[in-house]
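The first residue of the sequence shown is numbered 1, and numbering continues consecutively from there. Whatever order the structure lists them in is the order used to number ligands and atoms, beginning at 1.
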Amino acid sequence: MQLDEVADDTTEVLLTQEQIREKLAELARQIEQDYAGEKLLLVGVLKGAVMVMADLARELRMHVEMDWMAVSSYGSGTQSSGVVRILKDLDTDIVDRRVLIVEDIIDSGLTLSWLRENLVSRGAKSVEIVALLRKPDAAKVDVDVRYVGFEIPNKFVVGYGLDYAEKYRNLRGVAVLAPHVYE
Ligand code: PRP
């Protein structure tokens, strides 16, 4: 779905499909350099990271393996609490593996901070993070993210994997949701 097809539900376009494509190509070049000659496992965090994973993985000019986790963060409403439950675990044994967690957005940072520790504790050789978006003003914990696409303002954004009540994930770009949609 194109951003202009939901223009009435959004107030501002943050990123077009083309801007995202260019940024993922940039990140892919860095990842190829950093993991040259290595066996890399991409771990996508469902559901938001599906689009980033699909486009980033196809942009990479190297072999990668892909696996998925689904986690749920206990919290009130949209606020994440840092207490995380695994809904779907990896199929892969990551002992001695180089792992790159693929995320759509880092908001408070609580999910990622927990997830990285969890994967490190399983004996991975390295655990790094690539996130398309980060909201610096929403950070509650400092997460060391090796690859960040865009830093964005602390607004309710949807599209390219990001939802509101499970809608808008299939937008080609990222936009700010209009308050009348959720108020
Ligand atoms: C989003 C996003 C991250 C997390 C970031 O997922 O994909 O996993 O929230 O928030 P945090 O930095 O405050 O921890 P969400 O829980 O909305 O699930 P979804 O990917 O299925 O939409």
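A 6.0 Å sphere centred on NE2 of His63 holds no more than 12 heavy atoms belonging to other residues, nucleotides or ligands. Heavy-atom neighbours of Lys125 NZ from other residues, nucleotides or ligands within 6.0 Å: at or below the threshold of 12.
For the pair Asp91 and Lys88, the salt-bridge criterion is met [side-chain N within less than 4.0 Å of a carboxylate O].
Of the candidates Ala70, Ser72, Gly48, the one placing a heavy atom closest to atom 20 (O) of ligand 1 is Gly48. Taking all heavy atoms of Leu46, Leu115, Thr111 into account, the minimum distance to atom 14 (O) of ligand 1 is reached by Thr111. The option from Ile105, Val84, Ile101, Val50 that lies nearest to atom 5 (C) of ligand 1, judged by heavy atoms, is Ile105.
Within ligand 1, counting atoms from 1 as listed, the ones closer than 4.0 Å to a heavy atom of Ser108 are 11 (P), 12 (O), 13 (O), 14 (O). Per-residue contacts place Leu110 under 4.0 angstrom from the following atoms of ligand 1 (heavy atoms of the residue considered): 12 (O), 14 (O). The distance from ligand 1 to the heavy atoms of Asp104 drops below 4.0 Å at these ligand atoms: 2 (C), 7 (O). Close approach of ligand 1 to Gly109 (heavy-atom distance below 4.0 Å) involves ligand atoms 11 (P), 12 (O), 13 (O). Below 4.0 Å from some heavy atom of Asp163 lie the following atoms of ligand 1, by number and element: 22 (O).
When side chains are defined from C-beta on, Arg122 does not count as touching Val95, because their heavy atoms never get closer than 4.5 Å.
Minimum interatomic distance between Gly159 and Val174 (heavy atoms only, all atoms of both residues): O-CG2, 4.0 Å.
At a heavy-atom cutoff of 4.0 Å, ligand 1 is contacted by no atom of Lys140, backbone or side chain. Of the heavy atoms in Asp107, both backbone and side-chain atoms come closer than 4.0 Å to ligand 1.
Using cut-offs of 30° and 60° for the angle between ring planes, the Tyr35 and Tyr147 rings count as tilted.
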Handout entry: Intermediate values then yes/no, side chain to side chain contact (heavy atoms under 4.5 Å, CB included), Asp34 and Glu128
Key = CA-CA 11 Å; Asp34 294 350; Glu128 300 292 347; over 6 Å; no
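Residues Asn170 and Tyr160 bring no donor and acceptor atom of their side chains to less than 3.5 Å of each other.
Ligand 1 has no nitrogen or oxygen under 3.5 angstrom from a nitrogen or oxygen of Leu112.
Residue contact annotation: Arg169 has a non-hydrogen atom under 4.0 Å from ligand 1.
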